[in-house]
Amino acid sequence: MKIVVIGGTGLIGSKLVNKLREQGHEAVAAAPNTGVNTITGEGLAEALKGAAVVADVSNAPDWEDTAVMKFFETSTRNLLAAEAPAGVRHHVALSVVGTERMLESGYFRAKMAQENLIKSSSIPYSIVHATQFYEFVKGIAHFSTDANKVRLPPVLIQPMAADDVASGVASVAVGPPVNGTLEIGGPEQFRLDELVRRGLAAWKDPREVIADPQAHYYGIAVSENTLVPGNDARLADTTFATWLTQSAAQIPTAHPQATGVAVGSKETKGKEGQKIAS
Ligand SMILES: NC(=O)c1ccc[n+]([C@@H]2O[C@H](COP(=O)([O-])OP(=O)(O)OC[C@H]3O[C@@H](n4cnc5c(N)ncnc54)[C@H](OP(=O)(O)O)[C@@H]3O)[C@@H](O)[C@H]2O)c1
C-alpha cells in the first residue's frame, strides 16, 4: 500500500516511515526538505499519486497563536483538497490527548481547527490522540523554568515514547478508517512534577522542581485529568525508566531511506489488552 507520511522527516514521521517500510508498505516521507510543502502546495499532487493513505504527522515551525493556526488550517485544507482527486481512501492525523480541554492555548486551538477540518471533509479519517512524548519532557522543564526552579502543577500525565507513538499511528494507518478519534498513551501515570524531577535527575540537571498547584502547563491552567487519556486508550509498553536507559545509551534510530522495503513486525500488548504494533 502506498502511504504518504506528511512530516515524514520529523521525530514521529521518520520513525513512522521506517515502521511502515518494515511492514512492506511503500511509505513516502513528505516534507519541505523532500520537496513536498503542504503550505505552498509544492510537490503535493505528485506525492499523492497512487496513495491509499495519508498520515499527517507534521508540525508547525512557529507556535505563535496566529502563525500556528494559519499553518494547521492552510496545511490541512490543502492536503484534503489534494487527497480527493488522488483517490486517497484514509486520512490519518496525529493530535494530542486532551486537545479539546486545552483551548486556552493557541496551539491547541489550531490542533482543534485541524481536527474539525478533517471531520467535515469527505475523506474517511482516523484522528489519533497521543499523550506527551518522553522526548518532550526536557522541553516542559525548560518552558517552566524561572531562576533555576521548575514550577509545575502536580496534575496527572501518562506520557509515552515517540517510538510507541509511531507504532500506534502505523497500526491505525494500515487499518480501516474509524471516522472518529482514538487515544494512545504510555503504561504509567505520573504527577507532572514527579515526571520532570525524574527526568532531570537522570540527566544530572541540577534544577529544582517545585509542585505548585497554581503553576501552568505550557502557559495554560490544567486540572487533575486534563492530560490523561480515557479508559479505552491503547497503551504502549515502554516505561519512562526503560526509555531513559535506552536514550542514555543513545541507541541509534535509523533514518528513513529514499526507497527500500523490509518485512516483519512484532506486536507489544498494552495494559488494557489492546495492541500497539511496533
Ligand atoms: N510533543 C508531544 O508530546 C506531542 C504529543 C501528542 C501529539 N503530538 C503531535 O505530533 C505531531 C508531530 O510532532 P513531531 O514532534 O514529530 O514534529 P517535528 O519533529 O517537529 O516534525 C515536524 C515535521 O513537519 C514537517 N513540516 C513542517 N512544515 C511543513 C510543511 N509546510 N509541509 C509539509 N511538512 C511540513 C517538518 O518538515 P521539515 O523538517 O522539512 O521542516 C517535519 O518533518 C504534531 O502534530 C504534534 O501536535 C505531539
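We count ligands from 1, going down the list as the structure has it; atoms in each ligand are counted the same way.
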Please determine if [X] and [Y] form a salt bridge, counting it only when a charged side-chain N lies under 4.0 Å from a carboxylate O.
| X | Y | value |
| --- | --- | --- |
| E194 | R198 | yes |
| R207 | D205 | yes |
| K111 | E100 | no |
| R109 | D65 | yes |

| L227 versus L156: any side-chain heavy-atom pair under 4.5 Å? |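 Sidechains of L156 and L227: no contact.
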| said: With side-chain hydrogen bond (donor to acceptor under 3.5 Å, both in side chains) as the rule and sequence neighbours excluded, what pairs involving residues 34-44 come up? | reply: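 The answer is T38-S75.
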| query | Heavy atoms under 4.0 Å from ligand 1: which residues qualify? | reply |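 For ligand 1, the residues that come within the 4.0 Å heavy-atom cutoff are G7, T9, G10, L11, I12, A31, P32, N33, V36, N37, T38, I39, V57, S58, N59, F71, L94, S95, V96, Y107, K111, A130, T131, Q132, F133, F136.
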